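These notes concern the structure reproduced below.
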Amino acid sequence: MIARRAAALLAYALLAFGLAAPAHAHKLNVFAAVEGAEVAVEAKFSNGKRPVRGVVMVKGDGDAPLLTMPLGPDGAARFALDSVDHASGLTIEVETGEAHRDYWILTPEDIARGRGE
């Protein structure tokens, strides 16, 4: 009886870990950096693959996007820093669908450093 219960618990644990692994394998990671007068955005999944489509939303102080643009097929995008109000910093959010979403925050100090100020 104890052996059956232990086997059932082991099977349940293996099933639970097996189902959780694929969800973790597809976590989206976003990175953004200021390179002179531009902001470079890169996105990739935790398994190393790059998303082939998605949307990049650039937000300032509020929740409303200042700029929305497509993510390139290489998982990257670029935009001119002066095309948005960046005085209070920027939040760069990438959404690729199927609940894959992540963001990167650029502080005013990050922006100044990237511009060489």
Side-chain angles (χ1 to χ4, degrees):
M1 176 104 167
I2 294 175
R4 284 181 62 195
R5 184 174 285 166
L9 285 173
L10 178 61
Y12 176 75
L14 290 173
L15 179 64
F17 285 118
L19 292 176
H24 179 68
H26 292 103
K27 181 183 181 320
L28 183 66
N29 297 305
V30 172
F31 173 77
V34 177
E35 298 175 352
E38 291 187 319
V39 176
V41 180
E42 295 180 9
K44 68 178 179 178
F45 294 107
S46 57
N47 63 5
K49 293 185 179 181
R50 298 200 180 265
V52 294
R53 64 182 164 271
V55 176
V56 177
M57 291 169 282
V58 180
K59 298 177 181 180
D61 254 349
D63 233 9
L66 302 173
L67 176 68
T68 302
M69 57 194 284
L71 188 65
D74 59 349
R78 295 180 87 80
F79 64 92
L81 184 59
D82 290 337
S83 67
V84 295
D85 178 9
H86 57 274
S88 61
L90 298 171
T91 299
I92 314 297
E93 187 174 306
V94 176
E95 183 176 344
T96 62
E98 298 181 18
H100 294 128
R101 173 183 274 181
D102 197 20
Y103 65 94
W104 187 271
I105 296 174
L106 291 171
T107 66
E109 294 80 17
D110 295 332
I111 294 169
R113 190 171 32 257
R115 293 183 78 158
E117 297 174 357

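Everything quoted here is computed from the prediction, not taken from an experiment.
- One hydrophobic cluster, built from ILVMFWY side chains closer than 4.5 Å, holds both Val41 and Leu67.
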Practice task
Begin with the C-alpha distance, continue with both residues' side-chain angles, and end with the deciding distance and a verdict on side-chain contact (heavy atoms from CB on, under 4.5 Å) for Leu81 and Leu90.
Solution key: CA-CA 10 Å; Leu81 184 59; Leu90 298 171; 4.0 Å; yes

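- Under the 4.5 Å side-chain contact rule for hydrophobic residues, Leu71 and Phe45 share a cluster.
- When all heavy atoms are compared, the tightest approach of Arg115 to Gly36 is CG-O, 3.4 Å.
- In terms of heavy atoms, Ala43 sits closest to Leu28 at CB-CD1, 4.1 Å.
- Both Phe31 and Val58 are assigned to one and the same hydrophobic cluster, defined by single-linkage of ILVMFWY side chains at heavy-atom distances under 4.5 Å.
- Cluster annotation: Leu66 and Val34 are assigned to the same hydrophobic cluster (Ile/Leu/Val/Met/Phe/Trp/Tyr, side-chain heavy-atom contacts under 4.5 Å, transitive).
- Side-chain contact between Asp102 and Lys27 is present, with heavy atoms from C-beta onward closer than 4.5 Å.
- For CG of Asp82, the number of neighbouring non-hydrogen atoms (other residues, nucleotides, ligands) closer than 6.0 Å is greater than 12.
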Handout entry: Trp104 and Val39: CA distance, side-chain angles, deciding distance, side-chain contact (heavy atoms from CB on, under 4.5 Å) verdict
Key = CA-CA 12 Å; Trp104 187 271; Val39 176; over 6 Å; no

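- The two residues Pro108 and Ser88 make their nearest non-hydrogen contact at CG-C, 3.7 Å.
- Rounding to the nearest 0.5 Å places CD of Glu42 at 13.0 Å from CD1 of Ile92.
- For the atom pair OG1 of Thr107 and NE2 of His86, the computed distance is 11.5 Å after rounding to the nearest 0.5 Å.
- Taking each heavy atom of Ala64 and Lys59 in turn, the nearest pair found is O-CG, 4.1 Å.
- Val55 approaches Thr68 most closely through the heavy-atom pair CG1-CG2, 3.5 Å.
- At least one donor-acceptor pair closer than 3.5 Å links the side chain of Asp85 to the backbone N or O of Ala87.
- Between Gly89 and Ile111, the shortest heavy-atom contact is CA-CD1, 4.0 Å.
- The hydrophobic clustering, which links ILVMFWY residues whose side-chain heavy atoms are closer than 4.5 Å, places Met69 and Val84 together.
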